[in-house]
Number of protein chains: 2
Amino acid sequence: MSRRDGPAATVFIVDDDSDLRDALSGLFRSVDLATTAYASAAEFLSTPRSDGPGCLVLDVRMPGLSGLDFQAQLAGLGIHLPVILMTGHGDIPMSVRAMKAGAVDFLTKPFRDQDMLDAVTAALARDAERRSRDTGLQAMRTAYETLTAREREVFLHVTAGLMNKQIAGLLDLSEITIKIHRGHVMRKMEARSLAELVRMAQALGIAPD
Amino acid sequence: MSRRDGPAATVFIVDDDSDLRDALSGLFRSVDLATTAYASAAEFLSTPRSDGPGCLVLDVRMPGLSGLDFQAQLAGLGIHLPVILMTGHGDIPMSVRAMKAGAVDFLTKPFRDQDMLDAVTAALARDAERRSRDTGLQAMRTAYETLTAREREVFLHVTAGLMNKQIAGLLDLSEITIKIHRGHVMRKMEARSLAELVRMAQALGIAPD
DNA sequence: GACGGAATTATACGGAGGTTTCATTCGGGC
DNA sequence: GCCCGAATGAAACCTCCGTATAATTCCGTC
């Protein structure tokens with residue numbers, strides 16, 4: 001509860017150079033950021049870790065998986081932490097590739113402490129933003145899971161703007177049945193108005209076309 | 001009508017090196033891309049130009065405004081063309097800055113023709129995507145402009161999910177008046193259902209909170 | 001001063017939404 | 001065989017939405 005970036009944000013450092021790991025750890029601790037350091041991507045992956053807010057600071061050149069390769073794999077592993085890359089022997093194509101892949105920043109060693117701190121601040125802000133976007137969405141997805149197949153059909157057509165009788169015609173059902181399903185959808189999704197349901201459909205990516 | 005990127009996509013080249021301008025023009029014409037070249041940012045800005053689809057290919061080092069400075073100014077000038085930067089004497093911080101500012105790519109001279117073509121293809125795709133997003137939005141904004149102040153208030157509350165009588169209470173009006181305004185909103189916005197109106201509100205950034 | 005648009009409200013009516021109650025059918029699962 | 005949830009639907013009832021008609025007020029323009 002020390003900074004504006006929220007509770008328990010952790011900077012995960014992955015670098016094979018123990019001196020740099022220590023230096024970075026000290027730097028981040030000096031601004032009250034929790035820090036955990038690893039000597040390799042493999043060590044990071046094999047160590048149990050809470051999925052709290054944070055960001056990754058990766059060295060590009062490491063034995064085993066390079067920082068760039070590791071970055072490319074993260075999404076597939078379900079890890080969405082923002083990434084900051086650093087390198088002592090980089091080139092422009094490398095940095096461009098990293099930025100295209102979504103890196104927050106790409107720093108060349110030696111870098112100024114303040115540049116690293118700025119990058120981490122930006123990364124934590126991005127993570128916080130993603131998390132707040134995700135939080136509401138997760139509850140919606142969970143609620144959506146509880147819908148039956150029929151209810152999902154009705155959900156789709158209702159949020160597309162069709163009237164009950166039109167949906168009834170499409171699905172070859174009676175209007176009263178649509179009303180029942182529609183009521184179930186509203187209750188299960190915890191929507192208090194059609195407008196809210198439409199917004200949920202948007203957030204869930206349930207487009208009419 | 002020669003490529004999948006739509007009608008009349010133009011590559012705008014801005015570089016003070018006339019040899020490179022000619023080479024790039026030839027390259028783009030070889031794949032049926034319309035091309036216009038300029039020797040400086042100022043020349044580009046002072047030349048009348050249709051606002052059709054396209055992208056910009058900028059040299060970083062130019063007399064007058066540099067490619068990076070020019071890129072930074074584009075949004076303020078209402079120009080949203082995707083930017084590809086190229087340089088013969090760049091460094092990593094420069095490329096990172098450009099990518100952070102939204103550049104599609106950052107190429108170092110000499111580059112392979114195919115790399116430039118790939119970058120342009122990506123840039124045109126990004127432009128086409130932005131345009132298709134913008135097209136519908138522009139019509140909505142125009143329609144929204146025709147709404148009176150009262151109608152906009154009602155629009156806001158309706159798409160927030162409030163009932164007519166609740167809106168009437170908030171605005172200290174009778175329910176029938178809300179119904180009238182609501183009808184006007186639907187007609188002026190050309191929305192055929194409440195769901196459609198809610199989606200428009202989302203697209204227009206008219207959030208309840 | 002006349003005209004028109006915006007805003008307001010009332011009455012009335014028809015259509016659409018939503019819930020409750022009751023009832024039937026169909027598949028699983030114990 | 002029995003129970004349960006999902007799906008279906010009919011009847012009744014109430015609320016909400018939407019429009020048409022008509023009227024009043026205010027404000028700015030011609």
Side-chain angles (χ1 to χ4, degrees), chain A residues 139-204 206-209, chain B residues 139-204 206-209:
Chain A
M140 280 186 221
R141 287 214 189 88
T142 304
Y144 186 75
E145 293 297 317
T146 71
L147 297 184
T148 66
R150 262 294 192 242
E151 285 161 358
R152 288 177 199 188
E153 276 184 298
V154 173
F155 181 66
L156 173 68
H157 293 124
V158 164
T159 55
L162 295 190
M163 290 186 302
N164 288 338
K165 63 175 55 174
Q166 292 177 301
I167 302 171
L170 276 177
L171 303 182
D172 197 30
L173 296 175
S174 76
E175 188 182 345
I176 184 70
T177 303
I178 304 301
K179 289 185 179 181
I180 301 289
H181 289 316
R182 186 169 178 157
H184 290 164
V185 170
M186 294 295 287
R187 187 156 34 260
K188 287 185 178 179
M189 296 300 294
E190 294 181 77
R192 277 164 317 234
S193 65
L194 176 58
E196 205 175 327
L197 195 70
V198 172
R199 288 179 196 278
M200 288 182 183
Q202 286 265 287
L204 289 170
I206 299 174
D209 303 319
Chain B
M140 280 185 222
R141 288 214 189 87
T142 303
Y144 185 75
E145 292 298 317
T146 71
L147 297 184
T148 67
R150 262 293 192 243
E151 285 161 359
R152 287 177 200 188
E153 277 183 298
V154 173
F155 180 66
L156 173 68
H157 293 123
V158 164
T159 54
L162 296 188
M163 289 186 303
N164 288 340
K165 63 174 58 173
Q166 292 177 300
I167 302 171
L170 276 177
L171 303 183
D172 197 31
L173 295 175
S174 75
E175 188 182 345
I176 184 67
T177 304
I178 305 302
K179 289 185 180 183
I180 301 289
H181 289 315
R182 186 169 180 156
H184 290 164
V185 171
M186 293 296 286
R187 187 159 36 260
K188 287 185 178 179
M189 297 299 296
E190 294 182 77
R192 278 164 318 229
S193 66
L194 176 58
E196 205 176 327
L197 195 70
V198 172
R199 288 179 195 277
M200 287 182 184
Q202 285 266 286
L204 290 170
I206 300 173
D209 305 320

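Quantities reported herein were computed from a predicted structural model and do not represent experimental measurements.
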TODO: Determine: side-chain N/O of B/Thr148 to OP1/OP2 of C/dG5, distance under 4.0 Å, yes or no.
DONE: no
### Query
With the threshold set at 4.0 Å, does a side-chain nitrogen-carboxylate oxygen contact exist between B/Arg199 and B/Glu196?
no
Closest of D/dC17, D/dG9, C/dA7 to the B/Glu151 side chain is C/dA7
Here the distance between atom P of D/dA6 and atom CD of A/Glu153, to the nearest Å, is 16 Å
Note to self: Please classify the nucleic acid contact of B/Thr177 as base, sugar-phosphate, or nothing, using heavy-atom distances under 4.0 Å.
What the structure shows: base
Whole-Å distance, A/Leu171 CG to D/dG9 C1', equals 15 Å
Between the CG atom in B/Leu204 and the CZ atom in B/Arg152, the distance rounded to the nearest 0.5 Å is 10.5 Å
Computed from five pairs at either end and rounded to 10 degrees, the angle between the axes of the helix from C/dG1-D/dC30 to C/dC30-D/dG1 is 30°
In whole angstroms, the gap separating P of C/dT19 from CZ of A/Arg192 amounts to 15 Å
Between CZ of B/Arg182 and C1' of C/dA16 the distance, given in whole Å, is 12 Å
Quiz item: For B/Gln166, does the CD atom have more than 12 heavy-atom neighbours from other residues, nucleotides or ligands under 6.0 Å away?
Solution: yes
Using a heavy-atom cut-off of under 4.0 Å over every strand shown, decide if A/Leu194 touches base, sugar-phosphate, or nothing.
-> nothing
Picking from D/dC16, D/dA7, C/dG17, the nucleotide nearest the side-chain atoms of B/Met163 would be D/dC16
B/Arg152 CZ to C/dA6 C1', in whole Å, measures 14 Å
Only residue of A/His157, A/Lys179, A/Arg182, A/His181 satisfying side-chain hydrogen bond (donor to acceptor under 3.5 Å, both in side chains) with A/Asn164 is A/Arg182
Does A/His184 make a side-chain N or O approach to OP1 or OP2 of D/dA7 shorter than 4.0 Å?
no
Regarding the side chain of B/Ile176, the nearest nucleotide among C/dA12, C/dA6, D/dC17 is C/dA12
Interatomic distance, CD1@A/Ile176 vs CD1@A/Ile180, rounded to 0.5 Å, equals 5.0 Å
Checking C/dA7, D/dT8, C/dT19 against the side chain of A/Arg150 (C-beta onward), the nearest is D/dT8
Testing C/dG17, C/dT8, D/dG9 for proximity to the side chain of A/Asn164, the answer is C/dG17
Among C/dA10, D/dA7, D/dC17, the one nearest any side-chain atom of B/Glu175 is D/dC17
Verdict with reasoning, A/Val154 to A/Leu171, per side-chain contact (heavy atoms from CB on, under 4.5 Å): CA-CA 9 Å; A/Val154 173; A/Leu171 303 182; 4.3 Å; yes
Which of C/dT8, D/dA7, D/dC17 is nearest the side chain of B/Leu173? It is C/dT8
From NZ of A/Lys179 across to P of C/dA16 the rounded distance in Å is 10 Å
Separation of D/dG5 atom P from A/Lys188 atom NZ, nearest Å, is 12 Å
Considering only heavy side-chain atoms of B/Ile180, the closest of C/dA7, C/dT9, D/dC17 is C/dT9
In whole angstroms, the gap separating C1' of D/dT8 from CD1 of A/Ile167 amounts to 16 Å
